[in-house]
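So the structure is just underneath, and the comments pick up after that.
Start at 1 with the first residue, then count along the sequence.
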Amino acid sequence: MIPENTAIPEVVFIGRSNIGKSSLINGLVNRNGLVKTSSKPGHTRMMNFFKIGDKLSLVDMPGYGWKSRDEWGDMILSYLQNRKNLRRIYILVDPSHGLKDSDLQIMKLLDGSGLSYQVVLTKMDRLSRTKYGSSKAEIEAQLVKDAICCFPMVLGVSSRTRDGLDELRAAIVKASQLGL
Ligand SMILES: Nc1nc2c(ncn2[C@@H]2O[C@H](COP(=O)(O)OP(=O)(O)OP(=O)(O)O)[C@@H](O)[C@H]2O)c(=O)[nH]1
Ligand SMILES: [Mg+2]
């Protein structure tokens, strides 16, 4: 169930199934097991809202590009387009695989609706520094070419090693204008 529009700022994490959305929310709030994760794609089936005190909501989404693309599109696009308190959309991308067609399709939809988003690369721990760096550069070049409403800075995280989480938290605070 989607809570009514509230005044509490919200940020949402979207991306393909198994990309690490739910793990990232656990990492950000420092509570493993708050959100259920799984090595099987398609684990999260509904939108889940996690309130951080009464200041901020982190929203977990079912993955796209796995079985339920149509359902995903209708339900989630209408949420993204109508949510007044939504401060940023984070699109999670695996740097081992790069941008997939499904990512580009979603970005096109967001561009078409004038919704801004920022790309976060997940599972950084799986790549060497060099491989991560070259994948990030390639993704950034593609975004400059193909994406319109993309926030220019690409962030990187590992929920496993906790690398990049502080930078992402700072970005969320800034995007949400929390002024903590
Ligand atoms: N190595 C590594 N594995 C990770 C990381 N984050 C998540 N994983 C693994 O990736 C798998 C999927 O993680 P989830 O967080 O459930 O992914 P999700 O995007 O929520 O997936 P759906 O709910 O199916 O859309 C799990 O086996 C996690 O343990 C990470 O930073 N590093
Ligand atoms: Mg999930």
Side-chain angles (χ1 to χ4, degrees), residues 1-38 41-94 102-103 105-107 109-123 149-151 153-159 162 164-180:
M1 280 298 287
I2 305 176
E4 298 272 304
N5 263 313
T6 65
I8 299 176
E10 225 160 73
V11 299
V12 63
F13 301 89
I14 65 175
R16 296 189 311 122
S17 284
N18 217 34
I19 210 84
K21 299 175 292 295
S22 301
S23 305
L24 180 59
I25 292 182
N26 282 334
L28 285 170
V29 299
N30 237 333
R31 273 178 61 188
N32 265 338
L34 172 71
V35 192
K36 289 243 174 66
T37 65
S38 166
H43 187 72
T44 307
R45 296 293 169 98
M46 299 196 320
M47 285 190 230
N48 287 309
F49 292 74
F50 299 96
K51 243 167 74 176
I52 314 295
D54 57 359
K55 289 257 195 294
L56 176 70
S57 272
L58 304 179
V59 187
D60 191 18
M61 287 280 179
Y64 53 74
W66 180 260
K67 282 185 185 164
S68 59
R69 174 97 47 94
D70 291 343
E71 264 174 89
W72 194 99
D74 287 349
M75 174 177 77
I76 282 156
L77 260 185
S78 101
Y79 158 81
L80 295 173
Q81 285 166 338
N82 295 308
R83 199 72 175 165
K84 293 193 176 59
N85 50 333
L86 183 62
R87 296 289 202 273
R88 180 134 316 153
I89 300 166
Y90 290 101
I91 300 189
L92 274 48
V93 171
D94 188 336
S102 51
D103 296 314
Q105 278 171 25
I106 297 297
M107 288 180 195
L109 285 171
L110 297 177
D111 286 338
S113 303
L115 290 164
S116 74
Y117 47 89
Q118 183 164 18
V119 170
V120 177
L121 305 179
T122 57
K123 309 189 187 182
C149 296
C150 189
F151 197 79
M153 202 166 104
V154 171
L155 297 171
V157 291
S158 164
S159 305
R162 317 192 66 73
L165 292 184
D166 282 343
E167 287 86 345
L168 178 56
R169 285 191 193 103
I172 291 172
V173 166
K174 205 164 170 202
S176 312
Q177 296 153 358
L178 287 181
L180 294 178

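- Considering only heavy atoms from C-beta on, I14 stays 4.5 Å or farther from Y117 through its side chain.
- Two residues are said to be in side-chain contact when any heavy atoms from C-beta on lie closer than 4.5 Å; Y79 and M61 meet this criterion.
- The shortest side-chain heavy-atom distance between C150 and V119 falls under the 4.5 Å cut-off.
- The shortest distance between side-chain heavy atoms of I52 and L58 falls below 4.5 Å.
- Checked against salt bridge (charged side-chain N to carboxylate O under 4.0 Å, His left out), D166 has the following partners two or more places apart in sequence or in another chain: R169.
- The closest side-chain heavy-atom distance from I172 to L28 is below 4.5 Å.
- Taking NZ of K51 as the reference point, atom CD of E10 lies at 10.5 Å (rounded to 0.5 Å).
- Under the side-chain contact (heavy atoms from CB on, under 4.5 Å) criterion, S158 pairs with M124, D125, R160, T161, D163, sequence neighbours left out.
- With values rounded to the nearest 0.5 angstrom, L165 atom CG is found 6.5 Å from L24 atom CG.
- Remark: E167 engages no residue in a side-chain contact (heavy atoms from CB on, under 4.5 Å) (not counting sequence neighbours).
- The side-chain contact (heavy atoms from CB on, under 4.5 Å) test applied to S23 returns T37, S159, not counting sequence neighbours.
- Within a 6.0 Å sphere centred on CG of N30, heavy atoms belonging to other residues, nucleotides or ligands number more than 12.
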Taking it one step at a time, do I91 and L110 satisfy side-chain contact (heavy atoms from CB on, under 4.5 Å)? CA-CA 11 Å; I91 300 189; L110 297 177; 3.9 Å; yes

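- Aromatic ring pairs are classed by plane angle as parallel below 30°, tilted from 30° to 60° and perpendicular above 60°; the pair F13 and Y90 is parallel.
- Remark: R162 pairs with no residue by the salt bridge (charged side-chain N to carboxylate O under 4.0 Å, His left out) rule, at least two apart or across chains.
- For Q118, the side chain to side chain donor-acceptor pair (under 3.5 Å) partners at least two apart in sequence or on another chain are R88.
- Atom-to-atom distance recorded for N85:CG and I8:CD1 is 8.0 Å, nearest 0.5 angstrom.
- Looking only at distances, no side-chain donor or acceptor of D94 sits under 3.5 Å from a matching main-chain atom of I19.
- In plain terms, the two heavy atoms of S17 and G63 that are nearest each other are OG-CA, 3.5 Å.
- A donor-acceptor pair under 3.5 Å links the side-chain atoms of D111 to the main chain of C149, judged by distance alone.
- Taking CE of M47 as the reference point, atom CG of D60 lies at 11.0 Å (rounded to 0.5 Å).
- The main-chain N or O of G15 is found under 3.5 Å from a side-chain atom of K21 such that the two form a donor-acceptor pair.
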Apply the test side-chain contact (heavy atoms from CB on, under 4.5 Å) to residues V59 and V11: give CA-CA distance (whole Å), side-chain angles for both, the deciding distance (0.1 Å), then the verdict. CA-CA 6 Å; V59 187; V11 299; over 6 Å; no

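- Residues meeting the side chain to side chain donor-acceptor pair (under 3.5 Å) test with R87, sequence neighbours left out: none.
- With rounding to the nearest 0.5 angstrom, the CD atom of Q81 is 11.0 Å from the CG atom of L86.
- Residue L80 holds its CG atom at 8.5 Å from CD1 of I106, rounded to the nearest 0.5 Å.
- Partners of F151 under the ring pair (Phe, Tyr, Trp, His ring centres under 6.0 Å) rule, at least two apart in sequence or in another chain, do not exist in this structure.
- Shown here are the side-chain contact (heavy atoms from CB on, under 4.5 Å) partners of K174, two or more places apart in sequence or in another chain: there are none.
- Here S116 pairs with nothing under the side chain to side chain donor-acceptor pair (under 3.5 Å) rule; sequence neighbours left out.
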